[in-house]
Asker: 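Supplied in structure tokens, the structure appears directly below.
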Protein chains: 2
Amino acid sequence: MSTHAAIAAHTSRTVPGYLASVIAMPSAAGVLPSTPPRTSADPLATLGHSKVLDRGTTVFTEGDAAGAVFRVHSGVIRLHKMLPDGRRQIIGFLHTGDMMGLAFADQYLYTAEAVTATTVQRISRAELEAVMDAQPGFARKLLSATTSELMAAQDQMLLLGRKTASEKLASFLLRLSARTTAGRIVDLPMSRCDIADYLGLTTETVSRTVTKFKSARLIRILVDGKLELLDHDALTDLAGGF
Amino acid sequence: MSTHAAIAAHTSRTVPGYLASVIAMPSAAGVLPSTPPRTSADPLATLGHSKVLDRGTTVFTEGDAAGAVFRVHSGVIRLHKMLPDGRRQIIGFLHTGDMMGLAFADQYLYTAEAVTATTVQRISRAELEAVMDAQPGFARKLLSATTSELMAAQDQMLLLGRKTASEKLASFLLRLSARTTAGRIVDLPMSRCDIADYLGLTTETVSRTVTKFKSARLIRILVDGKLELLDHDALTDLAGGF
DNA sequence: CGCACAGTTGACAATAGTCAAACGATGTGG
DNA sequence: CCACATCGTTTGACTATTGTCAACTGTGCG
């Protein structure tokens with residue numbers, strides 16, 4: 001179980017807190033050449049300030065006063081919740097462009113930590129509110145992003161409640177591969193323990209299932225935390241149409 | 001397992017669909033006497049039309065073209081997703097005031113069915129869009145509601161991924177009781193199978209756990225699908241601080 | 001009255017968890 | 001430069017929680 005366990009961050013949490021909203025709003029860097037000059041630039045671009053975080057750093061902790069939202073500019077962040085005895089459930093992994101901490105309450109509802117070295121942009125609640133007031137379309141963008149995140153959360157409920165270990169791992173790998181443009185190569189920056197706590201399994205079960213997939217020639221482990229999907233179709237069948 | 005199983009409604013669903021957003025916007029009936037006349041009345045009140053649904057009726061099915069959102073005026077609705085082999089995961093139960101189907105995509109991502117006799121208000125996407133255009137604050141209300149729903153989904157992930165059968169049932173009963181004002185009496189309109197598919201368990205395990213709670217004097221079964229919480233504190237401990 | 005169905009209970013099986021040991025990579029200090 | 005410590009991962013043996021299959025009970029409805 002979670003190596004983190006130990007003393008659970010069990011602050012008072014009767015009040016609903018901030019929650020994550022993944023906002024797909026790629027930074028200017030990735031603009032397609034064919035795209036005409038955009039009429040509405042990123043309204044958050046000039047707000048707040050950026051921070052560089054080492055691997056393992058905590059961005060905020062469940063129960064903390066929630067004064068700001070964050071946007072990931074590079075790297076991977078994990079969000080998790082904990083039970084009093086230290087059992088951990090990872091709520092999601094955030095990549096470049098994703099936002100976290102968006103909500104209308106006064107405490108964070110989960111902990112955010114850097115899986116890899118990351119840069120995040122901190123935007124205070126006040127600033128965010130100001131943008132929503134100034135730009136009528138912005139709230140709808142946030143709504144759209146939050147809605148997408150909710151969809152993902154519902155898929156995850158199906159996974160956690162009804163899928164077997166193999167199905168969970170297959171789904172996880174396919175989702176990661178769908179996220180990256182690079183065909184069959186998947187980047188796995190997180191530990192087996194992180195994967196386990198995301199899929200509702202133990203490290204041992206994840207490890208055994210990975211070994212099973214290797215033996216069945218479904219995947220191949222590469223160097224540097226990368227992995228190749230050898231049989232996308234078989235994995236898709238396993239994952240249950242997702 | 002789900003008695004529903006049989007032939008799974010396995011339509012094409014590569015395109016992301018509509019998703020649920022629970023909108024706490026109590027109807028005029030429940031206005032507090034102390035509340036001053038509200039400046040902004042329910043902007044959806046006059047839209048669409050109401051339908052009365054029998055117990056068991058399907059409102060919409062996963063994969064259907066998503067042309068409208070719905071608001072529950074009375075009764076209880078369940079939302080579920082299915083795997084190709086018929087395994088079912090209930091995503092949530094909706095009560096009076098809750099909305100479903102809100103999203104920015106063209107297919108419903110889950111099925112909605114009436115647990116009890118219900119009345120629902122159907123609002124077309126076009127009408128909803130029009131309200132968002134006309135009332136700048138409305139998108140933010142929807143955002144707030146969607147955000148709350150996402151918080152609930154994240155709690156459910158923790159439950160599904162990390163809690164034991166007893167902890168799941170205790171959490172479930174406490175959530176239901178928190179929803180109703182009537183102290184220790186909880187209304188359980190859904191079947192054991194529904195509860196099982198919501199908690200990621202089987203009917204048999206739910207039944208056994210209920211029996212265990214009865215033996216331990218934690219709960220008492222009443223007539224007509226009602227139940228009394230005899231030891232709220234013990235249940236809270238069991239549920240893991242929630 | 002009896003059929004149908006939800007719920008309960010029992011016996012047994014299986015998936016995943018627990019505990020433990022060993023392995024490999026990485027980094028530190030002698 | 002190598003020994004050693006540490007951490008993440010893998011593998012094994014065993015356990016246990018939950019699922020499966022099946023029978024039975026109780027309740028409501030035709």
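Predicted model only: the values in this text are computed from it and were never measured. What's counted below: heavy atoms across the whole structure, side chains too, no hydrogens, waters or symmetry copies. Residue numbering restarts at 1 for every chain, and letters A, B, ... go by the order of the sequence lines.
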Asker: Could you tell me whether the side chain of Arg208(A) has a donor or acceptor atom within less than 3.5 Å of a complementary atom in the base of dT18(C)?
Answerer: yes

Asker: Across the strands shown, which category fits Gly225(B) at heavy-atom distances under 4.0 angstrom: base, sugar-phosphate, nothing?
Answerer: nothing

Asker: What is the distance, to the nearest angstrom, from the CE atom on Met190(B) to the P atom on dG7(C)?
Answerer: 11 Å

Asker: If only side-chain N and O atoms of Thr211(A) are considered, is one of them under 4.0 Å from the OP1 or OP2 phosphate oxygen of dT11(D)?
Answerer: yes

Asker: Between Thr203(B) and dG7(C), is there a side-chain N or O to OP1/OP2 distance below 4.0 Å?
Answerer: no

Asker: By the 4.0 Å heavy-atom rule, please label Ser207(A) as base, sugar-phosphate, or nothing.
Answerer: base

Asker: Starting at atom CZ of Arg162(B), determine the distance to atom P of dT17(D), rounded to an integer number of angstrom.
Answerer: 16 Å

Asker: Please give, in whole Å, the distance from dT10(D) P to Leu169(A) CG?
Answerer: 11 Å

Asker: Is the phosphate of dA16(C), meaning OP1 or OP2, less than 4.0 Å from a side-chain N or O of Thr202(A)?
Answerer: no

Asker: Between Thr202(A) and Thr205(A), is there a side-chain donor-acceptor contact under 3.5 Å, judged purely by atom types and distance?
Answerer: yes

Asker: What I want to find out is whether Arg175(B) reaches Asp155(B) closely enough, with some N-O distance under 4.0 Å, to be called a salt bridge.
Answerer: no

Asker: Does Arg88(B) pair with Asp194(B) as a salt bridge, N-O distance under 4.0 Å?
Answerer: yes

Asker: Check every atom of dT18(C), dG7(C), dT9(D) against the side chain of Arg192(A) and return the nucleotide holding the closest atom.
Answerer: dT9(D)

Asker: Is Arg87(A) paired with Glu167(B) through a side-chain N to carboxylate O contact shorter than 4.0 Å?
Answerer: yes

Asker: From CG of Leu160(B) over to P of dT17(D), roughly how many Å is that when rounded to an integer?
Answerer: 20 Å

Asker: Can you tell me how far P of dA16(C) sits from CG of Leu199(A), to the nearest Å?
Answerer: 12 Å

Asker: How many whole angstroms separate atom NZ of Lys168(A) from atom C1' of dG17(C)?
Answerer: 12 Å

Asker: For the residue pair Thr119(B) and Ser74(B), confirm or rule out a side-chain donor-acceptor distance under 3.5 Å.
Answerer: yes

Asker: Using atom CD1 of Ile221(B) as one end and atom P of dG26(D) as the other, report the distance to the nearest whole Å.
Answerer: 16 Å

Asker: Could you state the CD-P distance from Glu204(B) to dT17(D), rounded to the nearest angstrom?
Answerer: 18 Å

